Amino acid sequence: MPVYKNEKNEIIIKKRKRKVGLIIFNIIDFVLVCLIAVLFYVTMPITSTKILFIPKGSTSYIISYLNKNGFEMGVVDELVIKSLGYVQSGWIDINQNKLTRMDFIYKLITSKAAIKNITLIPGETYYIFLKKLALEFNLSEEKLIELYNQYAYKADGNILAETYSLPLGMREDYMIFYLFSQTNKKYEEFSKKIFGYYDKRKWFNYLSLASVIQKEAAITNEMPIVSSVIYNRLKKGMKLQMDGTLNYGEFSNTIVTADRIRDDNTTYNTYKFTGLPKDPVCAVSLEAIKAAIFPVKSDYLYFVRENKTGLHKFAVTFEAHQANINANVGVAKTYTKVKADETLIDAEAETIMKTDVSKQKPVSIKDLFNNVN
C-alpha cells in the first residue's frame, strides 16, 4: 500500500511539474510574441516635420495632442516614453522627415529646441523687420504684416529693438503674439522702474519721442542732448523739422528729398506739422526711451552733423546753427566719432546714460504731450 501511494504522489508531482513547465513556456512565448510585436511596432516608419511643436503637459496629454495632429501614437508609445524619460516641450528640432517610431520617440525625448536669433536694429521700422523675419524664418510676409496691422497698438514701436531667440517653425500668428507680449513685458518692467506704474498710452507718447531721438542721434551719449532739443522746440511751438521722422515704414532707409517733404501729408512730416508724430517712427532701444524721459538741461534748439566726426554740433541760435553748417563746407565726411572738446552738457548726457533709471527723476511733462498729433 505505501508503495502505491508513493507512485501516485510521483505521478501527481510529475503532472504538476509538467503543468508549471507549460505555464512558464506559455508565459515566455507570450512575452516573446509581445516583444516581437513591440519591436515591429517601434520599427514602423513615421513621417514628421523637421521642426515640431510639443505643448506643455503630461505624457498622456502630449500623446493625445500628437494623435490629433496625425501621428497615431498609442499606449505602447506612452509606455516607452515613460520608461525612457519625458518629452521636451516647445518647438523642437527633429532634424528628419522620415524615421522609425522608436527614433521618433527618442527624438521627442532628447531633441533640443530649434532656435534662431534675429535682431531688430534700433531705428529700424516694423516694415523692414517683418520682411527680414519672413525671409529668415520662411514665413509669409503678407500674413505677418496683416497680423501686425490687426493687433498692433500703434503703427510702430510695438516690438522693442533687441535680439530675439525664436523657434524655427513657429506660425506667423504665434510669432507676432510672442514679439508683442515680450515687448510689452519689457516696457512694463522699465516703466515701473521709472514711474512705479505702467500707463500704455503715456508710454507710447514717450516712444514717439524716443523714436525721433533714435533716428537722429549719432551715438548713445548724444541721445539726452537730442532729446533736450526736441523738448525745447516743442515748448516753443516750433516745428521739429527733422528728416528722421520721414523715415517711417517702407521709407526707413530712403533719402529724404524736397519732393518727399512737399508731398508727404502724414504727421511724420515734422516740416509741415508742429509736434511729435502720432505714432512712433521706428523701433527703439531702452537707451532711447531713457533719453526721452531724462533729457539734459539745455537751451539748444538746433543741431547738424559734423562731417569730420559724424557727431552733431548743437546751437542755441539760428545764427550759430548756420555757422555750424557753413563749417562743413569743403570738409570730407570721415566720421571719426571722436569729439574734440567735451562740454558740461556732454558730461551730463553721459552721466544720464550711465545712471540707473531708478536713481533719476523724470522731468516735468505737463505740457509736452499736448504736442503729440
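If you're wondering where the values come from, they're calculated on a predicted model, not measured in any experiment.
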**Q** Do Phe204 and Tyr153 have side chains that approach each other closer than 4.5 Å (heavy atoms only, starting at C-beta)?
**A** yes

**Q** Do the ring planes of Phe303 and His312 sit parallel (below 30°), tilted (30 to 60°) or perpendicular (above 60°)?
**A** perpendicular

**Q** Count the heavy atoms of every other residue, nucleotide or ligand shown that sit under 6.0 Å from NZ of Lys116, and state whether that count exceeds 12.
**A** yes

**Q** If we ignore hydrogens and angles and just use 3.5 Å, is the side chain of Lys215 paired with the main-chain N or O of Asn247 as donor and acceptor?
**A** yes

**Q** Can a donor-acceptor pair be found between the side chains of Glu306 and Thr309 at a distance below 3.5 Å?
**A** yes

**Q** Between Asn205 and Ser208, does any side-chain donor sit less than 3.5 Å from a side-chain acceptor?
**A** no

**Q** Shared ILVMFWY cluster between Tyr271 and Val281, side chains joined below 4.5 angstrom?
**A** yes

**Q** Check Asn269 against Arg260 and note the closest heavy-atom contact, atom names and distance.
**A** ND2-O, 4.2 Å

**Q** Does the Asn67 side chain pair with the main chain of Ser64, one donor and one acceptor, at a distance under 3.5 Å?
**A** no

**Q** Looking at Phe53, I'd like to know if the NZ or CZ of Arg171 sits under 6.0 Å from its six-membered ring centre while staying within 45 degrees of the ring's axis.
**A** no

**Q** Of Val229, Thr274, Ile230, which meets side-chain contact (heavy atoms from CB on, under 4.5 Å) against Leu240?
**A** Ile230

**Q** Before accepting this row, confirm whether a basic side-chain N of the pair Lys82/Glu78 lies closer than 4.0 Å to the acidic partner's carboxylate O.
**A** yes

**Q** Answer yes or no: does atom NZ of Lys185 have more than 12 heavy-atom neighbours from other residues, nucleotides or ligands under 6.0 Å?
**A** no

**Q** Checking Thr257 against Asp259: is there a side-chain donor and acceptor pair closer than 3.5 Å?
**A** no

**Q** More than 12 heavy atoms of other residues, nucleotides or ligands under 6.0 Å from CG of Asn138: is that the case?
**A** no

**Q** One thing to verify: whether Lys192 and Glu188 come together as a salt bridge, which I'm taking to mean a side-chain N less than 4.0 angstrom from a carboxylate O.
**A** yes

**Q** Do Glu124 and Cys282 make a side-chain contact, defined as non-hydrogen atoms from C-beta onward lying under 4.5 Å apart?
**A** no

**Q** Going by heavy atoms in the side chains, are Ile293 and Ile194 under 4.5 Å from each other?
**A** yes

**Q** Mind checking whether Phe190 and Trp203 have parallel, tilted or perpendicular rings, split at 30° and 60°?
**A** perpendicular

**Q** Tell me whether the count of non-hydrogen atoms from other residues, nucleotides or ligands lying under 6.0 Å of OH in Tyr197 goes above 12.
**A** yes

**Q** Which pair of non-hydrogen atoms, one from Leu207 and one from Gly157, has the smallest distance, and what is that distance?
**A** CD1-O, 3.7 Å

**Q** Between Glu216 and Met223, is any pair of side-chain heavy atoms under 4.5 Å apart?
**A** no

**Q** Would you say the rings of Tyr148 and Phe129 are close, in the sense that their centroids are separated by under 6.0 Å?
**A** no

**Q** If you count every heavy atom of other residues, nucleotides or ligands that lies below 6.0 Å from Lys308 atom NZ, does the total exceed 12?
**A** no

**Q** Honestly curious: do Ile225 and Tyr302 fall in one hydrophobic cluster under the side-chain, below-4.5 Å linking rule?
**A** no

**Q** Inspect the surroundings of CZ in Phe251 and state if more than 12 heavy atoms from other residues, nucleotides or ligands are less than 6.0 Å away.
**A** yes

**Q** Checking Asp299 side chain against Val316 main chain: does a donor-acceptor pair fall under 3.5 Å?
**A** no

**Q** Run the ring-ring contact (aromatic ring centres under 6.0 Å, His included) test on Phe177 and Tyr151 for me, step by step, so that the C-alpha distance in whole Å, both residues' side-chain angles and the decisive distance to 0.1 Å come before the verdict.
**A** CA-CA 8 Å; Phe177 295 153; Tyr151 296 104; 5.0 Å; yes

**Q** Cluster question for you: counting only ILVMFWY and a side-chain heavy-atom cut-off of under 4.5 Å, with indirect links fine, are Phe314 and Met238 together?
**A** no

**Q** Measuring only between side-chain heavy atoms, which start at C-beta, is Phe137 closer than 4.5 Å to Met175?
**A** yes

**Q** Are Phe318 and Leu301 linked, directly or through other ILVMFWY residues, by side chains that come within less than 4.5 angstrom of each other?
**A** yes

**Q** So, Thr270 side chain and Met242 main chain: donor-acceptor pair closer than 3.5 Å or not?
**A** yes

**Q** Donor-acceptor pair, Lys132 side chain versus Tyr127 backbone, under 3.5 Å?
**A** no

**Q** Under a 3.5 Å distance rule, please check whether Asn326 uses its side chain to pair with a backbone N or O of Gln322 as donor and acceptor.
**A** yes

**Q** Could you check whether any side-chain N or O of Glu348 sits under 3.5 Å from a backbone N or O of Lys297, counting only pairs where one atom can act as donor and the other as acceptor?
**A** yes

**Q** For the OH atom on Tyr335, are there more than 12 heavy atoms of other groups (residues, nucleotides or ligands in this structure) within a distance under 6.0 Å?
**A** yes

**Q** Between Lys68 (side chain) and Ile63 (backbone), is there a donor-acceptor pair under 3.5 Å?
**A** no

**Q** Taking the side chain from Ser83 and the backbone from Val80, do they hold a donor-acceptor pair closer than 3.5 Å?
**A** yes

**Q** Side chains of Leu246 and Asp243, heavy atoms from C-beta outward: is any pair under 4.5 Å?
**A** no

**Q** Given the rule that I, L, V, M, F, W and Y join up when any side-chain heavy atoms are under 4.5 Å apart, are Leu311 and Val226 in one cluster?
**A** no

**Q** Hey, which of Asn265, Thr267, Thr266 is the one that makes side chain to side chain donor-acceptor pair (under 3.5 Å) with Lys272?
**A** Asn265

**Q** Compare all side-chain heavy atoms of Tyr187 with those of Leu160 and state whether any distance is below 4.5 angstrom.
**A** yes

**Q** Is it true that Ser285 and Glu162 share a donor-acceptor pair across their side chains at a distance under 3.5 Å?
**A** no

**Q** If every non-hydrogen atom of Ala291 is compared with every non-hydrogen atom of Pro224, which pair is closest and at what distance?
**A** CB-N, 3.7 Å

**Q** When you compare the side chain of Leu139 with that of Leu130, does any pair of heavy atoms fall below 4.5 Å?
**A** no

**Q** Under 6.0 Å between ring centres: does that hold for Phe104 and Phe71?
**A** yes

**Q** If we ignore hydrogens and angles and just use 3.5 Å, is the side chain of Ser165 paired with the main-chain N or O of Ile115 as donor and acceptor?
**A** no

